[in-house]
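Each chain gets a letter, A, B and so on, in the order the sequences are listed, and its residues count up from 1.
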Amino acid sequence: MFYNVCPNFSRVNGGCFFQISVLGYQQKKDAKLGMEVMNVQRKKSCIMLPLLAGFVAAVALGWWGYPKLVFSEKTQPIRFSHSVHVSGQGMDCTECHFFRDDGSYAGLPTTEKCAECHEEAVGEDPAEAMFVEKYVAEGKEVPWLVYQKQPDNVYFSHKAHENQECTDCHMDMSDVDTPQAYYHNKLTGYSKQTMKMWQCERCHAENGASNACYVCHK
Amino acid sequence: MGLDRRSFIAFLAGGTGGILCTPVIWKGLDDISIWSQNWPWIPKLKYGQREKKPVVCKFGSDAYGVRVETAAGRPFVAQGNPDHPLSKGGICPLGAASVQMLYSPSRVKAPMKKVGDGFENISWDEAGKLLAAKIKAAGSDVCAMTGDETGTTADILAGFLAGLGSEACFLMPSESAPAARAWELLGGQGMPGYDIEHADLVLSLGADIHESWGTVVRNGKAMAADNAVYTYVGPVQKAGTSISAKTWVACAPGTEPLVALGIAAYLINAGKGVGMPGYDALKEFVTLTNPPSRVAQATGVSEATMKQLAGALLRARRPLILTGSEFGQGADALGCAAGLVLNVLLGRVNAKGGVTDIPFTAAVVNKAPDRRTLLARDVVGYVQDVAQGKTKPAKVTLVVDANPAYALPQPEVTAKAFEKSDFVVSFSSFMDETAARADLILPASYFIEAMDDAYAPYGSGQANYSVSPAIIDPVFDTKSAAEVILSLAASTGIDLGVASFEEAAKARAEALGADWDTLAEGTAWVAEMSNGSGVSLWNDALRALSLAKVPAGAMILAPLARLHLGVDGTPTTPFGTITIRNTELKKNVLCVQMNAATAGKLGMKQDDAVQVKSPAGSCKAVVSLSEAIMPGVVAMPLCLGHTVGDAFSKNKGDNVYKLLDVQREGGTGMSVFGNPQVQITKA
């Protein structure tokens with residue numbers, strides 16, 4: 001037994017190959033061949049719907065589900081309020097984020113630096129009390145989650161970029177009361193906000209800086 | 001409508017199209033590529049404030065100042081300290097690897113007690129109680145050995161043993177002991193110091209100033225300053241000392257200081273030394289008893305060469321003569337005295353660029369013997385006597401910062417002596433041959449983890465004192481050996497007069513008139529000028545010393561000290577492993593270097609596997625031809641052949657200390673070793 005597929009396939013189906021579905025088949029004896037052949041009967045069907053469904057599902061999975069799968073959401077160990085320090089106390093960014101005497105960048109302040117004001121809790125905020133109790137009293141550094149930490153194989157000098165605006169690369173934190181969530185990439189171990197090499201290269205190209213490998217990879 | 005095959009395919013097709021419109025593939029591939037570069041064993045950098053902290057490094061051959069650079073408090077590199085008088089910005093190969101070794105897999109991480117053939121971790125409390133009980137039971141039957149020649153830890157250890165009633169506290173062999181003895185015989189009060197920076201001609205008789213003699217790092221800096229003409233007398237044209245020198249004079253191993261006697265004869269003939277104390281006795285000794293012709297026969301250095309050297313010394317404005325062993329230990333007092341005599345003869349005592357008399361420090365620990373007494377004690381002789389049953393073995397043996405089971409001549413003799421001791425304790429930062437033999441291992445903090453100090457390492461130009469602060473907390477469960485001994489003394493009722501190492505160091509600083517705060521900041525104290533009055537040319541005691549005898553036609557071994565391979569207490573570091581040359585170790589076999597003429601005489605050729613035998617022992621080796629070795633001499637590098645340690649030092653070649661046979665010097669009775677006669681046969 002073999003299958004005989006209708007030769008007028010496209011015509012039978014109205015020339016719309018998107019709307020084919022097989023409903024069943026009948027067996028009958030072919031007079032010329034003297035044998036039973038199977039005559040497949042086809043009926044117009046709609047494949048647009050599953051196609052669209054697949055597309056939408058994949059897009060949803062890709063844009064919504066995949067990030068959920070790859071990134072884990074973390075919160076900072078201490079709810080540090082930049083707005084309290086900047087707007088409330090009138091502090092300048094460079095009081096905590098400063099260049100050391102040797103030109104290296106301090107980045108985040110050490111517990112010792114914070115303790116210059118917070119040796120003991122000075123306000124009512126429970127986050128401050130927790131900071132004093134867990135870190136100042138214990139002499140430990142806070143394991144802050146750095147949103148844009150570059151990997152070890154990248155040599156990034158803040159000094160070389162001091163003419164740029166901080167917010168060219170970093171989020172503007174000055175009015176932030178509760179730090180944003182930190183998204184940790186489970187595969188790479190990096191933050192979601194870590195700048196990619198193409199971003200560095202683009203900025204270098206736009207500003208006429210060299211894009212030679214050794215500029216960033218020592 | 002059911003989900004038929006076509007619908008399913010359509011769904012998949014739609015899904016594929018949809019995925020392509022999302023970042024899944026591109027982001028996924030990017031993440032995977034980053035993930036593939038981030039294996040968990042890749043070290044992570046620590047970021048933070050970088051600081052340079054001055055400390056004293058005792059990891060190499062001598063104690064000198066280095067700066068340890070830290071990031072957020074974590075040490076990551078050691079560099080020379082330009083402000084330290086013994087570094088002047090320089091660093092030795094071992095010092096350069098010192099921070100790397102802080103995290104070495106061979107660090108002893110916690111106290112350990114021997115159980116069967118292995119060890120089990122115990123607490124410090126348990127270890128302290130166990131040791132105190134053993135010490136109390138032993139009474140005065142305790143001996144100790146330490147490799148810390150310059151630190152107050154040695155005084156604390158010696159004071160503790162003295163408190164127990166034992167005089168068996170020893171320093172490991174070095175150049176200091178024969179130099180102290182020789183200087184004493186000439187009438188010196190302390191230790192001879194050498195103002196190498198201000199000399200304009202430096203004659204080095206055997207002293208390997210780049211690898212093992214005195215203040216190696218400072219010596220290198222002085223040589224690099226190119227203010228003096230250097231001449232090296234020795235059997236091997238050494239990569240550092242003699243290549244940098246203007247002249248190399250080939251001389252039979254171990255006889256180099258005798259050349260000083262030959263030169264002295266020419267200087268006396270030139271009118272030098274007349275009227276000096278001991279002039280007549282010296283004149284008789286070098287012109288009649290041991291004339292230059294006899295010296296030439298013993299050393300292989302011709303009379304003409306000695307005359308030429310004497311002429312150069314006479315022409316120089318500030319000549320300086322250095323004598324010592326080719327590998328920093330095992331020398332005799334006579335040899336050292338001969339070199340010092342030349343300096344005295346040339347009027348170089350208390351002169352700029354000459355020899356100074358560096359006083360011993362005042363005692364700061366109750367009951368501790370003075371440093372001269374400690375230097376006069378002969379650890380090699382003691383161990384040999386214990387092994388041979390001539391001396392009663394101690395019930396408890398304390399080993400502090402030393403590896404005698406590897407680095408004393410004939411390690412199997414040391415092993416035998418250790419076996420006779422009921423309880424051996426090793427205070428060590430690293431697992432080494434001695435620790436492996438010990439019944440109790442007490443992990444000693446590393447030099448940057450605990451306070452330490454150093455007073456005038458041998459070879460210094462002036463008296464100097466440095467304090468090394470602890471710049472980090474111990475990485476592992478370790479303690480300062482000095483603090484453990486002080487606790488032990490307290491628990492056994494011995495009053496050493498100091499409650500902590502810092503207190504002892506402060507007392508030392510006060511005795512020297514040094515400012516403690518300045519010392520604690522890492523700045524070394526240097527005496528303005530040491531005096532050396534009362535030194536004579538010669539005396540009857542020196543006449544009694546014996547001249548080394550070299551059998552004619554014998555094949556003599558010249559052990560080679562190489563800092564990149566390690567020193568007695570420190571094995572080859574990971575940094576050092578990659579610098580081992582194929583003339584030192586070939587396919588994991590130790591090299592015996594000889595020149596082509598010597599090889600031809602022995603019927604050997606390059607790469608022949610051989611057995612090197614001495615009266616003391618034997619080593620496996622492979623022939624390496626080198627025209628830097630004088631005929632009749634074979635040279636072999638020390639500090640290989642460790643049987644315990646990490647992958648960077650263990651099971652690499654053989655231990656040359658096995659070949660060193662021990663003789664006693666006539667007159668002083670000190671153990672002399674270093675240049676045995678050897679036989680070389682094909683393996």
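Proximity to chain B is absent for every atom of A/Val56, based on heavy atoms less than 4.5 angstrom apart. Interface remark: A/Thr188 contributes backbone and side-chain atoms alike to the contact with chain B (heavy atom separation under 4.5 Å). With a threshold of 4.5 angstrom between heavy atoms, A/Leu187 approaches chain B through its backbone and through its side chain. Both the backbone and the side chain of A/Ala53 have a heavy atom closer than 4.5 Å to some heavy atom of chain B. Residue A/Asn185 touches chain B through its side chain alone, counting heavy-atom pairs closer than 4.5 Å. There is no contact between A/Lys186 and chain B, counting heavy-atom distances below 4.5 Å. No part of A/Tyr105 comes within reach of chain B, as not one of its non-hydrogen atoms sits under 4.5 angstrom from that chain.
Under the 30°/60° scheme for interplanar angles, the aromatic rings of B/Tyr446 and B/Phe430 are found to stand perpendicular. Under the 30°/60° scheme for interplanar angles, the aromatic rings of A/His161 and A/Phe156 are found to lie parallel.
Top candidate by heavy-atom pairs under 4.5 Å with chain A, chosen from B/Asp30, B/Ile25, B/Thr16, B/Leu20, is B/Asp30.
Listed in order of number, the residues of residues 36-50 of chain B that approach chain A to under 4.5 Å between heavy atoms are B/Asn38, B/Pro43, B/Lys44, B/Leu45, B/Tyr47, B/Gly48, B/Gln49, B/Arg50.
Under the 3.5 Å distance criterion, the side-chain polar atoms of B/Thr572 are left unmatched by any main-chain donor or acceptor of B/Phe648. Side-chain atoms of A/Tyr135 never come within 3.5 Å of backbone atoms of A/Ile78 as a donor-acceptor pair (strictly under, hydrogens ignored). Looking at A/Gln148, its side chain never comes within 3.5 Å of a backbone N or O of A/Met195 through a donor-acceptor pair.
The only option from A/His170, A/Met173, A/Lys192 that meets the side chain to side chain contact (heavy atoms under 4.5 Å, CB included) definition with A/Tyr147 turns out to be A/Met173.
With a 6.0 Å cutoff to the six-membered ring centre and a 45° limit on the axis angle, B/Lys109 counts as a cation-pi contact of B/Phe476.
Rounding to the nearest 0.5 Å places CG of B/Leu563 at 10.5 Å from OG1 of B/Thr573. How far CG of A/Asp152 is from NZ of A/Lys149: 7.0 Å, rounded to the nearest 0.5 Å.
Ion pairing of B/Glu502 with B/Lys506 is present here, as a side-chain N (NZ or NE/NH1/NH2) and a carboxylate O approach within less than 4.0 Å.
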